[in-house]
Participant: 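Dumping the structure here so I can ask a few things about it.
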Amino acid sequence: MIDPLDTIMDIMSASFDPAWGEAWNRAQITSSLDMPGTHIAMLSADGSAPTETTPAVCFAMTRAAPGEEELLLIAVLPDHRKAGLGKRLLLLIAESARERGAERMFLEMRENNPAASLYRAVGYKPIGRRKAYYKVADGSRLDAITFAKTL
């Protein structure tokens, strides 16, 4: 059986452009998974739960707090993008969060992240901005946009 941590690391390394510095390292993922309230969701290419014969091609990691949940990471392998998996995964984690008692979901992203249109399509709305929050590999800085969705 494939270790879920290995799967997460493989998907993340193939999916995150190093220029943005957004990928987490193995220690960060492990530390987060060890914290109470952290949840992982994965899907195979056909949108079902991964198995030995249909491996995960995307994942999302969330952290729950009383009444809310935050999307920490989401990644879809490049060859599987534009197939509806990101949307399906976002809907899945929202439903799971609602079942755990969350009333709102939050996420934060860099201002030029093309995933903003996907987040908006599933009901997230921008609620805040952190000026010059992200430092890019070239030394420049980008704002962080905070989004929220009522469950």
Side-chain angles (χ1 to χ4, degrees), residues 1-45 47-52 54-78 80-81 85-116 118-120 122-137 141-151:
M1 175 133 187
I2 298 173
D3 180 349
L5 184 56
D6 289 338
T7 299
I8 290 167
M9 296 309 297
D10 290 345
I11 293 170
M12 193 167 30
S13 68
S15 302
F16 286 35
D17 183 339
W20 304 113
E22 296 167 323
W24 292 16
N25 63 42
R26 191 176 194 90
Q28 289 170 307
I29 297 289
T30 300
S31 175
S32 290
L33 290 174
D34 287 343
M35 291 176 60
T38 301
H39 305 279
I40 292 286
M42 294 184 191
L43 295 174
S44 65
S48 64
T51 66
E52 289 286 330
T54 59
V57 299
C58 59
F59 79 91
M61 184 167 70
T62 65
R63 181 174 37 227
E68 63 186 49
E69 199 145 331
E70 179 184 10
L71 175 61
L72 300 174
L73 289 169
I74 185 168
V76 178
L77 286 174
H80 295 279
R81 292 180 183 161
L85 291 169
K87 182 176 184 178
R88 188 173 194 143
L89 191 55
L90 287 169
L91 294 172
L92 173 67
I93 64 169
E95 181 58 31
S96 297
R98 185 179 11 261
E99 289 172 2
R100 287 188 286 272
E103 298 170 3
R104 287 181 86 187
M105 289 278 307
F106 295 91
L107 67 87
E108 189 172 88
M109 54 163 251
R110 64 182 150 78
E111 64 183 325
N112 66 344
N113 188 330
L118 172 61
Y119 299 140
R120 290 176 201 271
V122 296
Y124 285 89
K125 294 180 173 50
I127 61 165
R129 178 179 290 265
R130 293 181 185 190
K131 293 286 187 187
Y133 183 77
Y134 289 103
K135 185 175 180 182
V136 184
R141 301 200 67 89
L142 295 171
D143 290 357
I145 309 296
T146 302
F147 283 77
K149 173 183 175 160
T150 300
L151 301 176

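What you see below is based on every heavy atom in this structure, not just the backbone, and it leaves out hydrogens, waters and symmetry mates. Computed from a predicted structure; not experimentally measured.
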Participant: How about Leu71 and Lys149: do any of their side-chain heavy atoms sit closer than 4.5 Å?
Facilitator: no
Participant: Is the shortest heavy-atom distance from the side chain of Tyr119 to the side chain of Ile145 under 4.5 Å?
Facilitator: no
Participant: Please walk me through it: do Ile127 and Arg104 pass side chain to side chain contact (heavy atoms under 4.5 Å, CB included)?
Facilitator: CA-CA 12 Å; Ile127 61 165; Arg104 287 181 86 187; 4.2 Å; yes
Participant: Kindly give the heavy-atom pair with the smallest separation between Ile29 and Leu73, and that separation in Å.
Facilitator: CD1-CD1, 3.4 Å
Participant: Compare every heavy atom of Met9 with every heavy atom of Trp24, then report the nearest pair and how far apart it is.
Facilitator: O-CE, 3.6 Å
Participant: Which heavy atom in Ser44 sits nearest to a heavy atom in Ala49, and how many Å separate them?
Facilitator: OG-O, 4.1 Å
Participant: Check for a donor-acceptor pair, side chain of Ser32 on one end and backbone N or O of Gln28 on the other, with a separation under 3.5 Å.
Facilitator: yes
Participant: How long is the gap from CG on Leu77 to CE on Met12, to the nearest 0.5 Å?
Facilitator: 12.0 Å
Participant: Within the structure provided, determine whether Arg26 and Asp6 are in side-chain contact (heavy-atom separation under 4.5 Å).
Facilitator: yes
Participant: Locate the shortest heavy-atom distance separating Tyr134 from Ala144; write the atom from each residue and the value.
Facilitator: CE1-CB, 3.4 Å
Participant: Would you please test Ile8 and Met61 for side chain to side chain contact (heavy atoms under 4.5 Å, CB included) and show each step?
Facilitator: CA-CA 9 Å; Ile8 290 167; Met61 184 167 70; 5.8 Å; no
Participant: Compare every heavy atom of Ile11 with every heavy atom of Cys58, then report the nearest pair and how far apart it is.
Facilitator: N-CD1, 3.6 Å
Participant: Can you name the closest pair of heavy atoms from Pro50 and Pro55 and give their distance?
Facilitator: CB-C, 3.9 Å
Participant: Just one of Arg100, Arg63, His39 clears the side-chain hydrogen bond (donor to acceptor under 3.5 Å, both in side chains) bar with Glu69, so which one?
Facilitator: Arg100
Participant: Measure the CG-CD1 distance between Leu118 and Ile74 for me, rounded to the nearest 0.5 Å.
Facilitator: 6.5 Å
Participant: Side-chain contact test, heavy atoms from C-beta onward, threshold under 4.5 Å: evaluate it for Tyr133 versus Leu142 and give yes or no.
Facilitator: no
Participant: Could you pull out every donor-acceptor pair under 3.5 Å between side chains of residues 89-98 and any protein atom, sequence neighbours left out?
Facilitator:
residue	atom	partner	partner atom	Å
Glu95	OE1	Arg98	NE	3.2
Glu95	OE1	Arg98	NH2	2.8
Ser96	OG	Leu92	O	3.1
Arg98	NH1	Leu151	O	2.7

Participant: Considering residues at least two apart in sequence or located in another chain, which fulfil the salt bridge (charged side-chain N to carboxylate O under 4.0 Å, His left out) criterion with Arg81?
Facilitator: none
Participant: Between Leu107 and Met105, does a side chain to side chain contact (heavy atoms under 4.5 Å, CB included) hold up when you go through it step by step?
Facilitator: CA-CA 7 Å; Leu107 67 87; Met105 289 278 307; over 6 Å; no
Participant: Provide the full list of side-chain hydrogen bond (donor to acceptor under 3.5 Å, both in side chains) pairs with a residue in residues 105-115, sequence neighbours left out, each pair given once.
Facilitator: Glu22-Arg110, Glu108-Arg130, Glu108-Thr146, Arg110-Asn112, Glu111-Arg129
Participant: Do Ser15 and Pro78 have side-chain heavy atoms sitting under 4.5 Å apart?
Facilitator: yes
